[in-house]
Visitor: 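Here's a structure for you.
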Amino acid sequence: MIDAPARVSLRAWLVSERPRSRRQAFLIRVYQGWLTFAANRLAVAGLFIVAALVLVAILASHLAPYSPYVGDLRATRLLPPSAAHWFGTDDQGRDILSRVIFGTRITLVVVVLVALLAAPIGLAVGTVAGYAGGYVDAALMRVTDIFLAFPRLILALAFVAALGPGIENAVIAIAITSWPPYARIARAETLTIRKSEYISAVEMIGASPWRIVLRHIMPLCVSSVIVRVTLDMAGIILTAAGLGFLGLGAQPPTPEWGAMIANGRLYVLDQWWVAAAPGAAIFVVSLGFNLLGDGLRDALDPKAAK
């Protein structure tokens, strides 16, 4: 336990206007960002939703009351919500709650993989274009404009049709279509940074262009890209669900939310619960990521704070 004087001393250390080390300066920025984030109650609610998604994905095997793949066609087909099956059952007699719980794993994997693939590509393209300028900037930005000219879902459909249906190919297709906005943001940040005295001093001591981009410009653009990636999580989830709905994402019997909605559209008038449960899951998780993104924008990018 930390006594009261120690807590006061720690807080004074974290709010000091004159940090004595780089470590203290970093922790001060983190602490101030957390205070800004915590002041936004909706952002905290979004963080709670996302944390719950991660926890459910990790503990899916323990939380699911039934198997997400096995059902009983004779006894449990299309049962309405009840004490035995909270979200009802589908046309194969499978428990929908269990399938929604296991679907969180697929959603989380898709979101993480797309972020890990698309964000570095967009960050690299944007910073190189912004710092190099000239023909390099024009060429990279025209390629970016080509990708931005098409709706994300339509372009993802084209790539999945070429690569073949499956969750792996869906992740690749979504990542290919997700990087242009990050490149635009990174380029805009780089244009404001490259003429600063800080970058001029680095150039004067003989640093190479690649070192300047990798070591001095990219780190300054990361916060803006992180905010945009978080705000794009909802779009990534909806795109993955759209591909699954059209049969180009995860294949049966994988419990993917978009595929579950596609399966439930045949019974939407009489057995509404088949499509309602995965649809509600998509809505709640997308809302959580949007609220979290708004909070991160205020905490990491004070210039964009309202």
Side-chain angles (χ1 to χ4, degrees), residues 1-59 104 107-108 110-112 114-116 118-120 122-123 126-127 178 181-182 184-193 196 198 216-238 280-306:
M1 296 291 292
I2 300 176
D3 56 11
R7 287 197 297 267
V8 173
S9 177
L10 176 61
R11 186 178 183 280
W13 188 75
L14 289 174
V15 299
S16 174
E17 296 182 356
R18 295 183 178 181
R20 299 181 179 181
S21 65
R22 296 178 60 182
R23 176 173 173 268
Q24 183 182 1
F26 171 76
L27 293 176
I28 289 174
R29 289 197 299 269
V30 172
Y31 180 69
Q32 291 175 346
W34 167 250
L35 291 179
T36 303
F37 181 87
N40 188 337
R41 294 184 179 181
L42 292 178
V44 175
L47 177 62
F48 176 80
I49 293 173
V50 174
L53 172 70
V54 175
L55 187 62
V56 170
I58 295 173
L59 302 177
T104 59
T107 299
L108 190 63
V110 170
V111 165
V112 171
V114 170
L116 291 178
L123 182 62
T127 51
S178 299
Y182 312 146
R184 282 290 188 181
I185 290 177
R187 176 180 178 270
E189 291 282 341
T190 304
L191 290 176
T192 62
I193 295 172
S196 64
Y198 167 69
H216 302 284
I217 294 181
M218 278 190 180
L220 297 177
C221 301
V222 166
S223 60
S224 298
V225 173
I226 289 176
V227 171
R228 181 54 192 263
V229 169
T230 308
L231 290 171
D232 273 358
M233 293 299 187
I236 293 171
I237 294 172
L238 292 175
I282 293 174
F283 168 77
V284 171
V285 173
S286 299
L287 177 63
F289 275 113
N290 277 332
L291 295 177
L292 177 61
D294 286 338
L296 289 178
R297 179 185 57 192
D298 296 342
L300 298 179
D301 190 8
K303 294 179 294 184
K306 295 180 181 179

Visitor: Taking ring-ring contact (aromatic ring centres under 6.0 Å, His included) as the definition, give me every residue that meets it alongside F48, ordered by chain and number, with sequence neighbours left out.
Guide: none
Visitor: If you define the side chain from C-beta out and look only at heavy atoms, does anything of L220 sit under 4.5 Å from E189?
Guide: no
Visitor: Using side-chain heavy atoms (C-beta onward) and a distance below 4.5 Å, is V50 in contact with F289?
Guide: yes
Visitor: Out of curiosity, L287 CG to L42 CG, how far, rounded to the nearest 0.5 Å?
Guide: 8.5 Å
Visitor: Determine the minimum heavy-atom distance between T190 and G126, stating which atoms define it.
Guide: OG1-O, 4.1 Å
Visitor: For V229 versus A115, what's the shortest heavy-atom pair and its separation?
Guide: CG1-CB, 3.8 Å
Visitor: Please report the interatomic distance OG1(T107) to CD1(I282), rounded to the nearest 0.5 Å.
Guide: 7.0 Å
Visitor: Please report the shortest heavy-atom distance between V227 and G293, naming the atom on each side.
Guide: CG1-O, 4.0 Å
Visitor: Tell me, do I237 and V110 make a side-chain contact under 4.5 Å, heavy atoms counted?
Guide: no
Visitor: Nearest 0.5 Å, what's the SG-CG distance between C221 and L123?
Guide: 6.5 Å
Visitor: Considering all heavy atoms of both residues, which atom of G295 and which atom of A43 are nearest to each other, and what is their separation?
Guide: CA-CB, 3.5 Å
Visitor: So which pairs with a foot in residues 285-296 pass salt bridge (Lys or Arg N to Asp or Glu O under 4.0 Å), sequence neighbours left out?
Guide: D294-R297
Visitor: One pair to check against side chain to side chain contact (heavy atoms under 4.5 Å, CB included): Y198 and I217. What are the steps and the verdict?
Guide: CA-CA 10 Å; Y198 167 69; I217 294 181; over 6 Å; no
Visitor: Using a 4.5 Å cut-off on heavy atoms from C-beta on, say whether the side chain of S178 contacts that of D232.
Guide: no
Visitor: Between A186 and G122, what is the shortest heavy-atom contact and its length?
Guide: CB-O, 4.1 Å
Visitor: Please report the interatomic distance CG(L291) to CG(L231), rounded to the nearest 0.5 Å.
Guide: 10.0 Å
Visitor: Mind checking the CD1-OG1 spacing from I185 to T127? Nearest 0.5 Å is all I need.
Guide: 13.0 Å
Visitor: Any chance you could measure I58, atom CD1, to L53, atom CG, to the nearest 0.5 Å?
Guide: 9.5 Å
Visitor: Between S196 (side chain only) and T192 (backbone N and O only), is there a donor and an acceptor less than 3.5 Å apart?
Guide: no
